Protein chains: 4
Amino acid sequence: MRQEERDRRGPTFTETARREQIMRGAIDAVNELGYHGASLSEIARHSGVAKSALVYYFGSKDALLLHVVDGVYSALGGAIDTAVAAERAPADRLRAYAESYLDHVGTHRLELTAASDIVVSHRGPDGVPLYLATEDEDTALLRAILTSGMEAGVFRAMSLPAAVAIVENMLDLAITAVQRRIDADLDTLTREIVDFIFRGLLV
Amino acid sequence: MRQEERDRRGPTFTETARREQIMRGAIDAVNELGYHGASLSEIARHSGVAKSALVYYFGSKDALLLHVVDGVYSALGGAIDTAVAAERAPADRLRAYAESYLDHVGTHRLELTAASDIVVSHRGPDGVPLYLATEDEDTALLRAILTSGMEAGVFRAMSLPAAVAIVENMLDLAITAVQRRIDADLDTLTREIVDFIFRGLLV
Amino acid sequence: MRQEERDRRGPTFTETARREQIMRGAIDAVNELGYHGASLSEIARHSGVAKSALVYYFGSKDALLLHVVDGVYSALGGAIDTAVAAERAPADRLRAYAESYLDHVGTHRLELTAASDIVVSHRGPDGVPLYLATEDEDTALLRAILTSGMEAGVFRAMSLPAAVAIVENMLDLAITAVQRRIDADLDTLTREIVDFIFRGLLV
Amino acid sequence: MRQEERDRRGPTFTETARREQIMRGAIDAVNELGYHGASLSEIARHSGVAKSALVYYFGSKDALLLHVVDGVYSALGGAIDTAVAAERAPADRLRAYAESYLDHVGTHRLELTAASDIVVSHRGPDGVPLYLATEDEDTALLRAILTSGMEAGVFRAMSLPAAVAIVENMLDLAITAVQRRIDADLDTLTREIVDFIFRGLLV
DNA sequence: TATGAATGAGTATTCATTCAT
DNA sequence: TATGAATGAATACTCATTCAT
């Protein structure tokens with residue numbers, strides 16, 4: 001079976017290409033038809049491969065969609081990590097966090113609208129949607145920034161979980177805007193969001 | 001047929017009761033199984049009636065779910081209207097808006113988690129999800145409050161659409177919290193949200 | 001139960017009126033929606049009574065439709081009987097048969113299109129369509145006319161079943177014409193049909 | 001999907017076989033249960049395949065039934081074309097038309113009873129039954145024969161549409177006879193029909 | 001490595017019929 | 001006499017998944 005071999009020897013070149021191709025097809029299908037309309041056959045059609053190939057490469061439709069989400073949010077996380085790592089002061093790091101997030105949304109619109117659609121609509125076998133299944137790890141960096149800022153006295157003291165939720169939620173607004181209009185102008189919104197966050201957090 | 005009769009003579013007592021019973025079943029089913037899992041048969045099972053009864057009373061599954069959404073958000077809107085109407089000053093009105101919203105979420109958890117789930121996952125025939133199909137009317141009151149506050153100089157000047165989106169989004173956080181844990185303590189979150197909103201908006 | 005009482009005492013006035021009203025509704029529904037579309041609820045709607053009333057008065061949907069067919073073809077048969085009874089010579093009687101048939105079709109278009117639709121599409125519980133379940137009795141008069149004409153030497157000798165089938169089938173053409181266009185001009189067709197029949201039968 | 005592939009590369013061997021198998025099942029089901037009783041599951045059962053296979057190969061139940069009708073009447077039309085093409089004189093061509101028609105009915109009883117049943121009972125989305133939706137093309141050959149015969153003075157002058165309708169209708173009698181009794185003896189009926197037609201048409 | 005063929009479990013919806021009143 | 005309420009069985013159709021090749 002493919003997955004096991006991959007574990008042993010790592011993916012071959014063509015395999016990686018095929019997986020990439022299929023994930024792009026999935027993103028296109030979700031954007032065009034919505035999560036509900038993105039059936040396996042539609043994804044296959046958008047990918048230019050047979051339905052059975054999707055199952056062959058990803059094991060199941062669900063696994064494929066989760067891979068898409070994983071890939072998109074990993075890329076977003078990577079961009080944020082890089083931006084934040086370039087700063088030392090908590091406020092600068094928070095600004096880098098927010099701006100790199102919003103910038104990445106603006107430059108990866110198709111990926112993020114699709115991934116967001118999946119995150120919002122997909123349910124695991126237990127019926128729990130992805131967007132409620134946040135792992136601690138996902139918010140670790142933001143939590144660290146906020147904590148150090150509060151300890152440094154540059155951010156006011158407030159409930160950490162609340163602060164994390166508020167900031168993440170506000171950044172999400174950019175994705176919603178892009179979902180509404182794929183070519184939405186994010187500049188104003190970006191400024192307002194960052195401004196609002198800092199007004200809420202600074203002492 | 002049921003719907004037409006209702007238009008002519010108004011609902012009978014038993015009809016209202018049955019509709020209520022079915023809508024409760026739908027809310028239960030959505031909460032337990034998620035929007036996707038809430039098939040007609042599951043809703044019927046949770047309601048204690050036959051599948052065909054749902055169609056008999058609501059015409060279609062979609063119509064039923066939209067009725068649920070409509071009912072839940074009408075109640076929320078009503079609570080907000082009442083609270084806001086008791087105040088005159090923009091800041092007081094905004095506070096009443098936010099607090100009544102958050103309070104209503106706390107006292108109607110099942111209804112709002114279900115309705116929110118539907119709003120987020122349901123697609124109309126055009127494929128557009130409900131939460132992207134916001135009507136101007138839905139945000140009219142909030143827009144009016146923010147506008148008058150800005151004109152009065154009590155709120156700082158900022159993009160009105162951005163302000164509306166930010167405030168609504170932040171209030172939504174309470175629903176997300178309840179979706180995560182149905183018995184979540186909303187007191188802290190409520191205080192933090194209201195505080196954050198006012199810090200962001202006041203001059 | 002209604003039917004049993006009717007057997008005992010004969011139908012009351014209002015009962016007859018109701019049955020009439022419902023049969024008219026059925027004819028309207030079949031003409032407007034076709035046999036397939038003429039569901040019990042549609043017939044009820046066209047009749048202005050409740051679905052359950054149809055069952056109450058006729059026992060079942062099938063029984064109702066059979067009553068309609070029966071009524072319509074009885075009226076046609078009556079018109080033919082009257083016209084034929086006025087003639088003595090076989091050729092005159094056949095002409096009276098054909099012309100009264102075609103005339104009746106022209107003056108009872110709605111009834112006959114509906115009845116014909118039912119006859120053609122309806123299946124008994126055994127799966128046998130009505131138009132194949134012809135009773136001997138239905139063709140008795142035509143058979144008698146043809147027989148006496150052949151015996152008198154005015155019609156040529158030919159297979160009696162074939163002759164009956166051919167004549168009936170040819171007269172049916174008028175109904176088909178009306179089904180195609182409810183306001184079809186039957187004059188030409190009538191002349192051609194009668195002419196054709198006589199050319200085929202006369203010695 | 002099956003249909004699209006077929007357009008691109010032509011049907012594969014197994015595909016053709018499966019389609020044949022399913023169409024035979026449909027013919028059997030219609031003959032046994034009538035158009036109404038021939039549900040997708042019954043057709044599947046008679047075909048020995050799963051319901052979903054019917055949809056896989058034909059797209060929908062309606063498409064399948066229309067394919068059956070199309071196939072059966074194409075074969076009939078082909079037989080007629082061949083027979084008629086061998087003759088030159090209008091009367092000979094008409095005789096070839098009628099006799100090949102009636103002969104084909106006799107040798108393809110199951111196909112024609114089923115197809116006729118479908119034609120008579122099936123309604124398009126507009127509610128118009130197939131047998132009323134006759135295309136000009138369907139009667140083109142017969143019209144041409146009759147026209148040329150009238151012009152040559154061998155057939156008497158009469159309304160062309162009436163003549164076409166009468167002849168087609170009379171030939172249909174053979175199908176009705178077979179529907180009534182699948183092993184009906186068509187020899188006599190054939191002779192009588194052809195005879196009747198010529199008596200009615202010859203000058 | 002890749003897929004075409006086939007399916008079974010599931011979907012929403014329709015509809016004639018029943019029954020208490 | 002008449003009906004509103006309710007349903008169970010049936011309908012066509014969808015779709016993720018399997019499997020032989």
Side-chain angles (χ1 to χ4, degrees), chain A residues 1-2 5 12 14-15 18 22 36-44 49-65, chain B residues 1-2 5 9 12 14-15 17-18 22 36-44 48-64, chain C residues 1-2 5 12 14-15 18 36-44 49-65, chain D residues 1-2 5-6 9 12 14-15 17-18 22 36-44 48-64:
Chain A
M1 208 146 278
R2 213 78 286 285
E5 303 204 5
T12 67
T14 62
E15 175 169 353
R18 265 280 196 273
I22 292 171
H36 284 90
S39 68
L40 205 53
S41 2
E42 282 298 337
I43 296 176
V49 301
K51 266 191 302 187
S52 36
L54 309 202
V55 178
Y56 178 70
Y57 278 109
F58 292 91
S60 74
K61 183 199 178 189
D62 278 15
L64 162 58
L65 294 183
Chain B
M1 218 141 272
R2 217 77 293 289
E5 305 280 331
R9 326 191 213 155
T12 65
T14 64
E15 174 171 354
R18 264 287 189 269
I22 292 171
H36 285 91
S39 67
L40 209 51
S41 2
E42 282 297 340
I43 296 176
V49 300
K51 269 191 297 185
S52 40
L54 308 202
V55 179
Y56 178 68
Y57 278 107
F58 291 92
S60 73
K61 182 199 175 190
D62 279 15
L64 162 58
Chain C
M1 206 149 278
R2 212 76 290 284
E5 302 204 6
T12 65
T14 63
E15 175 169 353
R18 264 281 195 271
H36 285 91
S39 67
L40 204 55
S41 1
E42 282 298 338
I43 296 175
V49 301
K51 266 191 302 187
S52 36
L54 309 203
V55 178
Y56 177 69
Y57 278 108
F58 291 91
S60 74
K61 185 200 177 190
D62 279 15
L64 162 58
L65 293 182
Chain D
M1 218 143 273
R2 219 77 290 289
E5 305 280 332
R6 197 165 54 82
R9 324 190 214 156
T12 65
T14 63
E15 175 171 352
R18 264 287 189 269
I22 292 171
H36 285 91
S39 67
L40 209 51
S41 2
E42 283 297 340
I43 296 176
V49 301
K51 269 191 298 185
S52 40
L54 309 201
V55 178
Y56 177 67
Y57 278 107
F58 291 92
S60 73
K61 183 200 175 189
D62 278 16
L64 162 58

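Computation of the quantities below employed the complete heavy-atom set of this structure, encompassing side-chain atoms and omitting hydrogens, waters and symmetry-equivalent molecules. Being a predicted model, the structure only gives us computed values, none of them experimental. Chain identifiers are assigned alphabetically (A, B, ...) following the order of the sequence lines, protein sequences preceding nucleic acid strands; residue numbering begins at 1 within each chain.
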Taking a pair as Watson-Crick or G-U wobble with both distances under 3.5 Å, which nucleotide is matched to [N]?
{"N": "dT21(E)", "answer": "dA2(F)"}
{"N": "dA9(F)", "answer": "dT14(E)"}
{"N": "dT14(F)", "answer": "dA9(E)"}

Seminar exercise, completed: Between A50(A) and E42(B), the residue closer to the 5' end of DNA chain E by nearest nucleotide is A50(A)

Exercise. Starting at the 5' end of DNA chain E, which residue's closest nucleotide do you reach first, G37(C) or R18(D)?
Worked result: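 In this pair, the answer is R18(D).
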
Hey, what do you get for [atom1] ([X]) to [atom2] ([Y]), rounding to the nearest 0.5 Å?
{"X": "L54(B)", "Y": "K61(B)", "atom1": "CG", "atom2": "NZ", "answer": "10.5 Å"}
{"X": "I43(C)", "Y": "F58(C)", "atom1": "CD1", "atom2": "CZ", "answer": "10.0 Å"}
{"X": "K51(B)", "Y": "E42(B)", "atom1": "NZ", "atom2": "CD", "answer": "11.0 Å"}
{"X": "Y56(C)", "Y": "E15(C)", "atom1": "OH", "atom2": "CD", "answer": "7.0 Å"}

Which nucleotide in [options] has an atom nearest any side-chain atom of [X]:
{"X": "K51(D)", "options": "dG10(E), dA16(E), dC19(F)", "value": "dG10(E)"}
{"X": "S52(A)", "options": "dT7(F), dT3(F), dT3(E)", "value": "dT3(E)"}
{"X": "E15(D)", "options": "dT3(F), dT11(E), dA5(E)", "value": "dA5(E)"}
{"X": "Y56(C)", "options": "dT3(F), dT14(F), dC19(F)", "value": "dT3(F)"}
{"X": "K61(D)", "options": "dT3(F), dG4(E), dC13(F)", "value": "dC13(F)"}
{"X": "V55(C)", "options": "dT17(E), dT13(E), dA5(F)", "value": "dT17(E)"}

Nearest whole Å is fine: how far is [N] [atom2] from [X] [atom1]?
{"X": "L64(B)", "N": "dA12(E)", "atom1": "CG", "atom2": "P", "answer": "11 Å"}
{"X": "H36(A)", "N": "dC15(F)", "atom1": "NE2", "atom2": "C1'", "answer": "14 Å"}
{"X": "F58(D)", "N": "dT14(F)", "atom1": "CZ", "atom2": "P", "answer": "16 Å"}
{"X": "L54(A)", "N": "dT3(E)", "atom1": "CG", "atom2": "P", "answer": "9 Å"}
{"X": "I43(D)", "N": "dA10(F)", "atom1": "CD1", "atom2": "C1'", "answer": "15 Å"}

For this session: Could you check whether S39(B) gets within reach of a base, just the sugar-phosphate, or nothing at all, counting any heavy atom under 4.0 Å?
Result: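 Here S39(B) touches the backbone only, sparing every base.
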
Exercise. Can you find a heavy atom in the side chain of V55(D) that is under 4.5 Å from one in the side chain of L64(D)?
Worked result: no

Exercise. For L40(D) and T14(C), take the nucleotide of DNA chain F holding the closest heavy atom to each; which residue's nucleotide lies nearer the 5' end?
Worked result: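 By nearest-heavy-atom nucleotide position, the 5'-most residue is T14(C).
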
